[in-house]
Amino acid sequence: MPELPEVETIARGLRATILGKTISSATVSLKKMAVAPPGLVFQEAVLGERITAISRRGKYAVLELRSGRALVISLRMTGRLVVQQAGDPPYPYTYVELTMTDKSRLAFADVRQFGRVRLVERGEAWDSALGVEPFSGAFTPERFIAMLSGRTTPIKAFLLDQRRIAGVGNIYACEALWEAGIRPGTPAGRLTKPAIRRLHHALVNVLERAIDMRGSSVDDYVDAEGLKGGFQNVLSVYGRAGGKCPRCRGEIVRTVIAQRGTWWCSKCQK
DNA sequence: CTGAGATCCTGGGGGC
DNA sequence: TGCCCCCAGGATCTCA
């Protein structure tokens, strides 16, 4: 599932390929996947728009448009954003496609149809419910300590809550907790300050390393060129139930927290 | 405000 | 081998 490192990799890829291009036509073959402001038809509203900037916020890719509007794209679990050149065959499961004036195409594909591309108005506070960016100066160890204070929810569930920290999903929550040596079910407010500092460091560190390796292709993820990432090859615990912990050789177990599969070392994560 | 549960989908894995 | 069943999972919404 695309999380922060995967979406960051996609955004960088899109920047290299479609930044500055102009949309000459748009096709929507599954209506619910393309959302426009009231009174606007998505396919019509984006015509003639130039893509002036490309960024990422949490797990969302953001294409800023000349008019001040923006396309905000959520890939959910199986969504893909792939750039194709003139003559390339249709990308499988493409439900929204933007063709540029140079005939290159941005395909938004999603087998499970959970992804969304949303056209938002200039200045619209579309991300007001999203929490702090892990790489921003606002995400300090002290801030993290304050955020966790008094919380009864399992630390794993807290990390997945996009209203608190934006961009962390199941893979990197599991990996960061392993790196910090913390049991995923621990109530957030019970963590010691040293443990929170370790987790803060582990989170930023694992996200950075994953970006360096162009993300994890555990399930369906591919980047803007349709290529897989490399971080799935160096995961310590995620998806490795029954395997041995790379740090202590303890057994890696799978439990369910907040309705999600959770992998951790039963020996060295306290 | 917080947390829990339902919902949306379909490919593919498991069971027989 | 082939067929059927059922589940994973992020964000959003509802409800307590």
| field | Validation row: A/Phe108, A/Leu71 side chains within 4.5 angstrom (heavy atoms) | value |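 The answer is no, as the side chains (C-beta and beyond) never meet within the 4.5 Å cut-off.
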| said: Measuring only between side-chain heavy atoms, which start at C-beta, is A/Leu159 closer than 4.5 Å to A/Leu177? | reply: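 With C-beta onward as the side chain, the pair touches.
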| message | Do the side chains of A/Arg76 and A/Asp110 get close enough for a salt bridge, i.e. N-O under 4.0 angstrom? | response |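 Result for this pair is no, no salt bridge flagged.
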| Any salt bridge between A/Glu175 and A/Arg209, counting N to O under 4.0 Å? |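 Looking at A/Arg209 together with A/Glu175, the answer is no, because their closest N to O distance does not fall below 4.0 Å.
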| task | Classify the side-chain pair A/Glu49/A/Ser67 by whether it contains a donor and acceptor separated by less than 3.5 Å. | result |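 Judged by distance alone, the side chains do pair up.
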Using atom [atom1] of [X] as one end and atom [atom2] of [N] as the other, report the distance to the nearest whole Å.
| X | N | atom1 | atom2 | answer |
| --- | --- | --- | --- | --- |
| A/Ile73 | C/dA11 | CD1 | P | 15 Å |
| A/Arg112 | C/dA11 | CZ | C1' | 15 Å |
| A/Leu75 | C/dG10 | CG | P | 13 Å |
| A/Gln113 | C/dA11 | CD | C1' | 16 Å |
| A/Met147 | B/dT2 | CE | P | 11 Å |
| A/Ile257 | B/dG5 | CD1 | P | 14 Å |
| A/Arg116 | B/dC8 | CZ | C1' | 8 Å |
| A/Leu130 | C/dA11 | CG | C1' | 10 Å |

| field | Residue A/Phe114, side-chain atoms from C-beta onward, closest of B/dT10, B/dG5, B/dC8 | value |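 Nearest to the side chain of A/Phe114 among the choices is B/dC8.
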[N] phosphate, OP1 or OP2, under 4.0 Å from [X] side-chain N/O:
| X | N | answer |
| --- | --- | --- |
| A/Tyr93 | B/dG11 | yes |
| A/Arg260 | C/dG10 | yes |
| A/Tyr95 | B/dT10 | no |
| A/Lys59 | C/dG10 | no |
| A/Gln259 | C/dG9 | no |

At a cut-off of 3.5 Å, list every protein nitrogen or oxygen paired with a nitrogen or oxygen from nucleotides 12-16 of chain C, distance to 0.1 Å.
from	atom 1	to	atom 2	distance (Å)
C/dT12	OP1	A/Tyr60	OH	3.4

| request: For the residue pair A/Tyr60 and A/Trp126, categorise the inter-ring angle as parallel (less than 30°), tilted (30 to 60°) or perpendicular (more than 60°). | output: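 The rings of A/Tyr60 and A/Trp126 stand perpendicular, inter-plane angle above 60°.
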| said: Check for me whether A/Arg240 meets the cation-pi criterion with A/Trp263, that is, NZ or CZ under 6.0 Å from the six-membered ring centre and within 45 degrees of the ring axis. | reply: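 Output no; distance or angle outside limits.
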| message | Whether the side chain of A/Gln162 engages the backbone of A/Leu160 through a donor-acceptor N/O pair (distance < 3.5 Å, no angle test) should be reported. | response |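 Side chain of A/Gln162 to backbone of A/Leu160, a donor-acceptor pair under 3.5 Å: yes, one is there.
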| request: For residues 122-143 of chain A, pull every pair meeting salt bridge (Lys or Arg N to Asp or Glu O under 4.0 Å), keeping only residues two or more places apart or in separate chains. | output: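 The answer is A/Arg56-A/Glu133, A/Arg57-A/Asp127, A/Arg57-A/Glu133, A/Arg118-A/Glu124, A/Glu142-A/Arg197.
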| request: Give A/Gly261 one of three labels, base, sugar-phosphate or nothing, depending on what nucleic acid heavy atoms sit under 4.0 Å from its own. | output: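 Touches sugar-phosphate only.
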| task | Please work out if A/Tyr172 contacts a base, only the sugar-phosphate, or nothing of the nucleic acid, heavy-atom cut-off 4.0 Å. | result |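 Since no nucleic acid heavy atom lies under 4.0 Å of A/Tyr172, the category is nothing.
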| request: Enumerate the residues from residues 148-166 of chain A whose closest heavy atom to DNA chain B is under 4.0 Å, giving them by residue number; use none for an empty result. | output: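 Of all residues in residues 148-166 of chain A, the ones placing a heavy atom under 4.0 Å from DNA chain B are A/Arg151, A/Thr152, A/Thr153, A/Arg164.
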| said: Show the nearest heavy-atom pair for residues A/Ala107 and A/Gln84, with the distance to one decimal. | reply: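 Minimum heavy-atom contact is CB-OE1, 4.5 Å.
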